[in-house]
Every structure is written in C-alpha cells, then in structure tokens.
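Inspection log for the structure reproduced underneath, given as structure tokens.
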There are 2 protein chains.
Amino acid sequence: MNQNDELPLSLRAAYHGLHRRSETAFAQYGVTADQFVLLATLARGDALTQRELAARMPSDPSTVRAMLLLLEKRGLIQRNTHPTDGRARTVALTKAGRRTFQQVWDAGQPIRDQMRSRLSPEEATMLVSLLRRVTESLASIPPDTARMLVDNGSYESGL
Amino acid sequence: MNQNDELPLSLRAAYHGLHRRSETAFAQYGVTADQFVLLATLARGDALTQRELAARMPSDPSTVRAMLLLLEKRGLIQRNTHPTDGRARTVALTKAGRRTFQQVWDAGQPIRDQMRSRLSPEEATMLVSLLRRVTESLASIPPDTARMLVDNGSYESGL
DNA sequence: TATTGTTATACTCTATAACTATA
DNA sequence: TATAGTTATAGAGTATAACAATA
C-alpha cells in the first residue's frame, strides 16, 4: 500500500466530515444531508422526472423514490403526472419546500465557508476540477463489467 | 449559489461514485465498502480499541460496534480484552480476515487505478493534500457549536 | 421491446440515550 | 468523575427483483 492509494480513504474522510457536519446543522429543520442534496437538485432544475433526479444527484431511482415519499409526506415536494409521458412523474418543490431549502442552504453556509477556509480561491477551483475528473473516470465503465486498465489509462477493449 | 459552492456537491459525487463501484466490486466477497475500510484500518494498526478504530476510520463508536458484530459473526475479526484497561477491548483481524482483506484489496485495485487514470502523479498528490486540508478544516470546530467565520478564516472566539 | 415507476423486501450504516463496568 | 463499551431502539439510505402501465 503506497501513498498513491491514499486517495480513496482521503476522499472518504473528507466526505464523511462534510456529511456529519451537515447532518448536525440541518437537523433542526428535519432535513437530512441527502435530502438536502435532493432539494438542491430540484432547486436547480424543477419538474425533473424521478429518473433524471436520480441521475443528477447522483443516486439510485429506488433510493430517490424512498426519499421522495418522506419529503412528500412532509409537504416539501410534490409529484405530478408528466405532461407528455404517461409513465413518468415530474417532481417539484412546493412553496414550503423552497422555503425550507433556503433555510437549510443558509444553515450550511458556515460549513461551506469552513471547508474553504484553508484553501485559496485557486486551490478551491482546482479541487473541484480534480474531483470532477475523478468522478468522470469512475463513471466511464459500467459498474458490472470488470475490465483491466492498461498502462496508458485506456482500456483493453470495449466502450 | 456561485461556483465556489460546488465543492460540497462535487465531493459528494466523487465519493458516491467510488462507494458504488466499490460495493459492486466487493460484493462477491460478502464485504461492504465500509467494512473494507474497517478491515483496512485494522490491517494498518492491529489491536486497536474500538474507539481508536472509530476515530481512525473515521466513524462513530456505535456504528463501528454494529459493524464489528457483523464481521465477528463472519469470522473476519476478533475482539479481545485489553491487556491493561479492563474496560477496553482490542480488535484484530483473524487469519481469515487478513486473507479476505487481501482479496478485496486486490479486487479494488482496478478502481484505484481508474480513479487516477486522468490525473498526473502530481495531480493525485495534490488532490490528496487538498482533501486532507478540507478534512482538517471541517474537524476544527466541534459539530455542536455554531460559530461564525470571520473574513480572514479564523474564528471570532474559541479554540 | 424498452422504459418509468411501484411494490415488497432486506440489509447496512448511522446515531442517541440509558446503562454497566472500570479507570 | 470520566471513559469504554453494551443494550435497546429508531430511522435513513441502499439496492434487487417482480410487476404494471406506457412509449
């Protein structure tokens, strides 16, 4: 195990810290950190179908449905029939959902500030950029196919 | 919401991708991604107490206990009484635990390779360094105290 | 045929609070 | 008094498989 293999654990530790702090800060609003991500995704793109919502979070459609049931029961989101696709349902924030989202967003500002407190603006931008590339790398192979990476970083076959 | 606020979501997306891929790759060994982190922590420092283990993962002592019960039932770890502290219990990998850890470690190698496939060695090092600083920043205030950050990134009071 | 969502189900992780035993 | 761990308990997220309705 060399230093190159520290990336997964350092990624996990950073995320875990963020998640924990968020849960604590959001608890007074009765919203979990993951529910906040769902609300934030809707705030950026209302009237998504459940599948689009799951893809953007990212999360699993089945997981998203379970979360939507909880949020619907609390009156923060509502699901409507899709205008052109009878199978699909669109999801939107209710008025209460928008208000709660804004409150939780504000409650999270100290955490976001603190995350960047030891980073210069350039470093923060760099970090986001590096994280995106990692995410893209991990998404580039279907999870159920195991192919060997070759030395130059491309794949032996497929795609 | 400006671009500076993308850090939390990009961190989450990267971690989520890693977690998902890991769950899939580890499933054949009956080990979850989080259990793997626990095994890896023990592989680096055997005979930790449960609290030390929780602190290093990082995770919650109560969460760790639940995980340990599962792993103990599967024969991958064992808990012994601490040599000098009668309250504490030390946790160690069993022989089967070491073997399973090695297998799962190997099964995860393609994922680790892939994470770094679009990063230069320098960028990978930089990413780990930035993530560590974020983790440290987030850990520097107890989660149950809300203090305002001031402009220079230090705190109005405390510490 | 493929896709969207539902239903039923199960498991893991997470965490709190009250408790016992030991330091 | 403080700390390590246990017990009981609850909730949330995760995911799979079989299914119905629609494209």
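Owing to the predicted nature of the structure, the values given are computational and were not obtained by experimental measurement.
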When the distance from CD of Glu23(B) to C1' of dG13(D) is rounded to whole Å, what number comes out? 11 Å

Would you mind reporting whether His16(A) and Met57(B) have side-chain heavy atoms less than 4.5 Å apart? no

For residues 84-93 of chain A, pull every pair meeting side-chain hydrogen bond (donor to acceptor under 3.5 Å, both in side chains), keeping only residues two or more places apart or in separate chains. His82(A)-Thr84(A), Asp85(A)-Arg87(A)

State, without any angle test, whether Arg112(A) and Gln109(A) hold a side-chain donor-acceptor pair at a distance under 3.5 Å. yes

Would you say the side-chain atoms of Thr63(A) pair up with the backbone N or O of Ser59(A), donor to acceptor, closer than 3.5 Å? no

Which side-chain hydrogen bond (donor to acceptor under 3.5 Å, both in side chains) pairs, counting each pair once, include a residue from residues 64-76 of chain A, with sequence neighbours left out? Glu72(A)-Arg79(A)

For this output row, return yes or no: ring centroids of Phe101(B) and Phe36(B) closer than 6.0 angstrom. yes

Close approaches to DNA chain C from residues 30-38 of chain B, in residue order (heavy atom, under 4.0 Å): Thr32(B), Asp34(B), Gln35(B)

Min side-chain heavy-atom separation Leu9(B)-Thr41(A) under 4.5 Å: no

Check DNA chain C against residues 80-90 of chain A and give the residues with a non-hydrogen atom under 4.0 Å, in numerical order. Arg87(A), Ala88(A), Arg89(A)

Check whether any side-chain heavy atom of Leu11(B) sits under 4.5 Å from a side-chain heavy atom of Val128(A), and report yes or no. no

Give me the first and last nucleotide of DNA chain C, going 5' to 3', that has any atom under 4.0 Å from a heavy atom of chain B. dT12(C) to dA23(C)

Using 0.5 Å steps for rounding, measure from the CG atom of Leu127(A) to the CD atom of Glu6(B). 11.5 Å

Leu53(B) vs Thr49(B) side-chain heavy atoms within contact, under 4.5 Å: no

Nearest 0.5 Å please: distance from the OG atom of Ser22(B) over to the CD atom of Gln35(B). 13.0 Å

Pick the nucleotide of DNA chain C nearest each of Leu48(A) and His16(A); which residue has the one closer to the 5' end? Leu48(A)

Rounded to the Å, how far apart are Arg51(A) CZ and dA15(D) P? 14 Å

Considering only heavy atoms from C-beta outward, does the side chain of Leu7(B) approach that of Leu131(A) to under 4.5 Å? yes

If I take atom CZ in residue Arg21(B) and atom C1' in nucleotide dA15(D), what distance separates them, rounded to the nearest angstrom? 17 Å

Donor/acceptor link under 3.5 angstrom from Ser62(B) side chain onto base of dT6(D): no

Tell me, which of residues 64-77 of chain B have any heavy atom that sits under 4.0 Å from an atom in DNA chain C? Ala66(B), Met67(B), Leu70(B)

Side-chain heavy-atom pair Gln103(B), Arg98(B) within 4.5 angstrom cut-off: no

